[in-house]
Trainee: 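Input: one structure, supplied below.
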Amino acid sequence: MMPEPDAIAAVLRFRARLLRLDGAAATELVRSYGAIWRGLEGEIEALAAEALTRELTFAEVERLVRYKALQVQVTREVSRFAGVTNERITTVQRASVALAQTATRQTVNAALPRGISVDMLIRAGINWNQLPAGAFEAFVGIAGDGGPLMRLLSPLGAEAAAGVRAGLAEGIALGQGPREVARLVRQRFGMPLTRALTISRTEILRSYREATRAQYAANPDVVKGYRRVSARDNRVCMACVALDGKLYQTNEPPQTHINCRCALVPETVSYRDLGLDVPDREPEPERARAWFERQPEATQRDMMGDAKFKAFQDGKFEFDDLVTIERSETWGESAVETPLKELIGA
C-alpha cells in the first residue's frame with residue numbers, strides 16, 4: 001500500500017521546517033567565510049601589486065616572506081572556520097533530531113487509517129515506544145561514513161591555501177592587475193565554502209532522516225516500514241524520482257546522495273492488520289514518476305537532459321534504470337543517476 005496523502009503532506013511540512021533550519025545555518029556559514037575573505041583581500045591585492053610592480057615570476061613570489069605569511073594566515077583562519085562549521089552543524093543536527101522526535105508521532109498519526117491514532121492503539125494495548133533524547137545523540141557530529149564530522153571539515157584550511165596559490169599563480173601569469181588577481185583568488189578561495197555548505201546540508205538532512213528511521217524502528221507494532229518520497233520539483237535528480245515510493249524495512253537505511261531532500265513516510269498497520277473489516281482508503285497518492293510524466297516536455301527535458309530524454313522516448317531504457325547504487329567511503333551507499341552511456345550500452 002502506498003503512503004496516505006495526509007502522511008505525505010505531514011512529512012513535507014516538517015521537511016520544510018528542516019530546510020529552514022538548514023538555510024539559517026548556511027547563511028551563518030557564508031557570513032563567517034565572507035568575513036575571513038574581507039580580512040585577506042587587502043593583503044592579497046598588496047601581494048599582487050608587489051609581484052606585478054617588480055615583475056616577479058610566481059616562483060619568486062612564493063619565496064617572499066609576505067606570501068609565506070599569507071599562506072599561514074589562510075590556513076589558520078579557514079581551519080578555525082572548519083571548527084565553527086563543525087560546531088554549527090552539530091547544533092543544527094541537535095535541532096533536527098529534536099524536530100524528528102516531534103514529527104514522527106504526528107506523521108504516523110497521519111499515516112494510520114482514518115479514525116485510528118497512536119493514542120487509540122496505546123489504549124488498545126499496542127506498544128508505542130518514544131525513544132529518549134539521549135538515544136539521538138548518535139546522530140550528532142557524525143558523518144555519513146560513521147566518522148566524526150571534523151574529519152570531513154579539517155582539510156578546508158589546506159584547500160583554501162591551495163586555492164589562493166592557484167589564483168595568484170594564474171593572475172600573475174596573465175599579468176592582471178591586483179584587483180583582477182584578487183578576483184581570481186576569490187573564485188578559488190570559495191571552493192572550501194562550497195564544500196562546507198555541501199557537508200552541512202547533507203549531514204543535517206541525514207541526521208533528521210536517521211532519527212526518524214530510529215523512531216520508526218522502535219515501533220514495529222505500528223510502523224511496518226517506510227517509503228521514500230522525493231521533493232518533486234525541477235531540482236530533484238532522476239534517481240530520486242525513480243526511487244520515489246520504494247518500500248524499505250525500518251532497519252534498512254535509504255540510499256540517499258549528497259544534498260538529498262527525500263523524506264521517509266511511514267508504512268503503518270492497516271484496518272485489516274488491526275482485525276477490522278474496513279477497506280483501505282482510496283485513492284492512493286501518485287508516485288513521482290506519474291508526477292514527472294505530467295510535467296511539460298520542457299521541464300522533463302531539463303530534468304533528464306536532452307540526450308537522455310530522447311533515448312527514453314525512443315525506448316532505449318526503462319524508467320527504473322535511471323538509478324544506480326554506488327558505494328562511497330565518505331558517504332556510504334548512494335543513489336546516483338545512471339549515466340546515459342550505461343543506460344544505452346554505448
Trainee: Using modelled atom types and a 3.5 Å cut-off, is there a donor and acceptor pairing between side-chain atoms of Glu342 and backbone atoms of Pro339?
Mentor: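 No; zero donor-acceptor contacts below 3.5 Å.
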
Trainee: Could you tell me whether Lys224 and Glu267 make a salt bridge, using a distance below 4.0 angstrom between a side-chain N and a carboxylate O?
Mentor: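 No.
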
Trainee: For the CD atom of Glu210 and the OG atom of Ser96, what is their distance to the nearest 0.5 Å?
Mentor: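 The OG atom of Ser96 is 11.0 Å from CD of Glu210, to the nearest 0.5 Å.
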
Trainee: Judged by atom type as modelled, is there a donor-acceptor pair below 3.5 Å linking the side chain of Arg94 to the main-chain atoms of Val140?
Mentor: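 The answer is no, because no donor-acceptor pair under 3.5 Å joins these two groups.
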
Trainee: Hey, which of Thr256, Asp233, Asp22 is the one that makes side-chain hydrogen bond (donor to acceptor under 3.5 Å, both in side chains) with Arg261?
Mentor: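 When side-chain hydrogen bond (donor to acceptor under 3.5 Å, both in side chains) is applied between Arg261 and each of Thr256, Asp233, Asp22, only Asp233 qualifies.
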
Trainee: Check whether any side-chain heavy atom of Glu62 lies under 4.5 Å from a side-chain heavy atom of Arg165, and answer yes or no.
Mentor: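 Glu62 vs Arg165: side chains touch.
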
Trainee: Are side-chain heavy atoms of Leu56 and Ile172 found at a separation under 4.5 Å?
Mentor: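 Sidechains of Ile172 and Leu56: no contact.
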
Trainee: Considering only heavy atoms from C-beta outward, does the side chain of Cys240 approach that of Arg228 to under 4.5 Å?
Mentor: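 They are in contact (side-chain heavy atoms under 4.5 Å apart), so the answer is yes.
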
Trainee: How long is the gap from CD on Glu28 to CZ on Arg88, to the nearest 0.5 Å?
Mentor: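 The distance works out to 4.5 Å.
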
Trainee: Do Arg20 and Arg17 have side chains that get closer than 4.5 Å, going by heavy atoms?
Mentor: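 Contact flag for Arg20/Arg17 side chains = yes.
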
Trainee: Can you check side-chain contact (heavy atoms from CB on, under 4.5 Å) on Glu337 and Lys308, steps first, answer last?
Mentor: CA-CA 11 Å; Glu337 191 171 335; Lys308 192 174 289 185; 2.9 Å; yes

Trainee: Provide the closest heavy-atom pair for Ala211 versus Phe139 in the form atom of the first, atom of the second, distance.
Mentor: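 Nearest pair, atom of Ala211 first, then Phe139: CA-CE1, 3.6 Å.
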
Trainee: Do NZ/NE/NH1/NH2 and the carboxylate oxygens of Arg105 and Asp119 come within less than 4.0 Å?
Mentor: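 So Arg105 pairs with Asp119 through a salt bridge.
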
Trainee: What are the two closest non-hydrogen atoms of Tyr216 and Leu264, and how far apart are they?
Mentor: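 Taking Tyr216 first and Leu264 second, the nearest heavy atoms are OH-O, 2.9 Å.
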
Trainee: Quick check against the 3.5 Å criterion: does Asp314 have a side-chain atom that pairs as donor or acceptor with the backbone of Ala311?
Mentor: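 No, because the side chain of Asp314 does not come within donor-acceptor range (under 3.5 Å) of the backbone of Ala311.
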
Trainee: Looking only at heavy atoms, which two atoms of Ala25 and Ile204 are closest? And how far apart?
Mentor: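 That would be CB-CD1, 4.3 Å.
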
Trainee: One thing to verify: whether Glu41 and Arg38 come together as a salt bridge, which I'm taking to mean a side-chain N less than 4.0 angstrom from a carboxylate O.
Mentor: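 Between Glu41 and Arg38 there is no salt bridge, as every charged N stays at least 4.0 Å from the carboxylate O atoms.
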
Trainee: Taking distance alone, no hydrogens or angles, what donor-acceptor pairs closer than 3.5 Å link side-chain atoms of residues 173-190 to residues at least two apart or in another chain?
Mentor:
unit_1 : atom_1 : unit_2 : atom_2 : d
Glu180 : OE1    : Gly177 : N      : 3.4
Arg188 : NH2    : Glu170 : OE1    : 2.7

Trainee: Identify whether Leu205 and Val97 are in the same connected component of the hydrophobic contact network (ILVMFWY, side-chain heavy atoms under 4.5 Å).
Mentor: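 No.
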
Trainee: Do Arg213 and Tyr226 have a side chain donor and acceptor closer than 3.5 Å?
Mentor: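 Result is no, nothing qualifies.
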
Trainee: Indicate the atoms forming the closest heavy-atom contact of Pro266 with Val223, along with that distance.
Mentor: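 Shortest heavy-atom contact: CB-CG1, 4.1 Å.
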
Trainee: Between Thr338 and Asp321, does a side-chain contact (heavy atoms from CB on, under 4.5 Å) hold up when you go through it step by step?
Mentor: CA-CA 7 Å; Thr338 309; Asp321 296 334; 5.7 Å; no

Trainee: Under 3.5 Å, is there a donor-acceptor pair between the Gln255 and Tyr248 side chains?
Mentor: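 Judged by distance alone, the side chains do pair up.
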
Trainee: Would a hydrophobic clustering, with Ile, Leu, Val, Met, Phe, Trp and Tyr connected at side-chain separations under 4.5 Å, put Leu21 with Val84?
Mentor: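 Per the 4.5 Å side-chain linkage, Leu21 and Val84 are not co-clustered.
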
Trainee: Can you find a pair of side-chain heavy atoms, one from Tyr208 and one from Leu99, that are under 4.5 Å apart?
Mentor: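 When only atoms from C-beta onward are counted, Leu99 and Tyr208 do touch, with a gap below 4.5 Å.
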
Trainee: Are Val74 and Leu64 connected in the hydrophobic side-chain network, where two residues link if heavy atoms are under 4.5 Å apart?
Mentor: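 Yes; tracing contacts between hydrophobic side chains, which count when under 4.5 Å, links both residues.
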
Trainee: Quick one: are Leu131 and Gln101 in side-chain contact, heavy atoms under 4.5 Å?
Mentor: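 No, every pair of side-chain atoms sits at 4.5 Å or beyond.
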
Trainee: Kindly say whether Asn219 contributes a backbone atom to a donor-acceptor pair with the side chain of Asn129 at under 3.5 angstrom?
Mentor: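 The answer is no, because no donor-acceptor pair under 3.5 Å joins these two groups.
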
Trainee: For Leu152 and Ala143, which heavy atoms make the closest approach, and how far apart are they?
Mentor: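 In this case the closest contact between Leu152 and Ala143 is CD1-CB, 3.6 Å.
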
Trainee: Under the side-chain contact (heavy atoms from CB on, under 4.5 Å) rule, what do Gln93 and Phe136 come out as? Steps first, then yes or no, please.
Mentor: CA-CA 10 Å; Gln93 280 183 320; Phe136 292 101; over 6 Å; no

Trainee: For the side chain of Ser207 and the backbone of Glu203, is there at least one donor-acceptor N/O pair under 3.5 Å apart?
Mentor: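 Checked: pair present.
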
Trainee: Of all the heavy-atom pairs spanning Ala263 and Val11, show the shortest one and how long it is.
Mentor: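 Looking at all heavy atoms of both residues, the closest pair is CB-CG1, 3.0 Å.
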
Trainee: Can you get from Val108 to Val269 by hopping between Ile, Leu, Val, Met, Phe, Trp and Tyr side chains that sit under 4.5 Å apart?
Mentor: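 Hydrophobic grouping puts Val108 with Val269.
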
Trainee: At what distance, to the nearest 0.5 angstrom, does CE of Met120 lie from CG of Leu274?
Mentor: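 One gets 9.0 Å once the value is rounded to the nearest 0.5 Å.
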
Trainee: Any carboxylate oxygen within less than 4.0 angstrom of a Lys/Arg side-chain nitrogen, looking at Arg54 and Glu50?
Mentor: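 So Arg54 pairs with Glu50 through a salt bridge.
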
Trainee: Determine whether Gln313 and Phe309 make a side-chain contact, defined as any pair of heavy atoms from C-beta on separated by less than 4.5 Å.
Mentor: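 Yes, close enough: below the 4.5 Å cut-off.
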
Trainee: Do Gln300 and Glu293 get their side chains close enough for a donor-acceptor pair, meaning under 3.5 Å?
Mentor: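 No, because no side-chain N or O of Gln300 sits under 3.5 Å from a partner of the opposite role on Glu293.
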
Trainee: In sequence, state the C-alpha distance, the side-chain angles, and the governing distance for Tyr33 and Val78, and then conclude on side-chain contact (heavy atoms from CB on, under 4.5 Å).
Mentor: CA-CA 8 Å; Tyr33 205 76; Val78 178; 4.2 Å; yes

Trainee: Decide if atom CE of Met191 counts as having more than 12 heavy atoms of other residues, nucleotides or ligands within a radius under 6.0 Å.
Mentor: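 Open: at most 12 neighbouring heavy atoms sit under 6.0 Å from CE of Met191.
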
Trainee: If we ignore hydrogens and angles and just use 3.5 Å, is the side chain of Asn109 paired with the main-chain N or O of Val118 as donor and acceptor?
Mentor: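 Indeed, once roles are kept as given, a pair shorter than 3.5 Å links the two residues.
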
Trainee: Can you tell me how far the OG1 atom of Thr91 sits from the CG atom of Asn86, to the nearest 0.5 Å?
Mentor: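 Interatomic distance, Thr91 OG1 to Asn86 CG, rounded to 0.5 Å: 9.0 Å.
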
Trainee: Check for me, please, whether Val336 and Ile258 land in the same ILVMFWY cluster - side-chain distances under 4.5 Å, paths through other members count.
Mentor: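 No, no single cluster joins them.
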
Trainee: Are any of the side-chain heavy atoms of Trp37 and Ile44 separated by less than 4.5 Å?
Mentor: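 In short, these two side chains touch, coming nearer than 4.5 Å.
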
Trainee: Keeping Thr75 on the side-chain end and Ala161 on the backbone end, is there a donor-acceptor pair under 3.5 Å?
Mentor: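 Between the backbone of Ala161 and the side chain of Thr75 there is no qualifying donor-acceptor contact (under 3.5 Å).
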
Trainee: Once you round to the nearest 0.5 Å, how far does CG of Leu153 lie from CZ of Phe81?
Mentor: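 Leu153 atom CG to Phe81 atom CZ measures 8.5 Å (nearest 0.5 Å).
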
Trainee: For Glu87, look at atom CD and say whether over 12 heavy atoms of other residues, nucleotides or ligands are found less than 6.0 Å away.
Mentor: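 Result for CD/Glu87: open.
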
Trainee: Run the side-chain hydrogen bond (donor to acceptor under 3.5 Å, both in side chains) test on Thr299 and Asp302 for me, step by step, so that the C-alpha distance in whole Å, both residues' side-chain angles and the decisive distance to 0.1 Å come before the verdict.
Mentor: CA-CA 5 Å; Thr299 300; Asp302 182 56; over 6 Å; no

Trainee: Can you name the side-chain hydrogen bond (donor to acceptor under 3.5 Å, both in side chains) partners of Ser230, sequence neighbours left out?
Mentor: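 With sequence neighbours excluded, Ser230 shows a side-chain hydrogen bond (donor to acceptor under 3.5 Å, both in side chains) to Asp244, given in chain and number order.
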
Trainee: Atom CZ of Arg201 and atom SG of Cys260: how far apart are they, to the nearest 0.5 Å?
Mentor: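 So the gap between those two atoms works out to 10.5 Å.
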
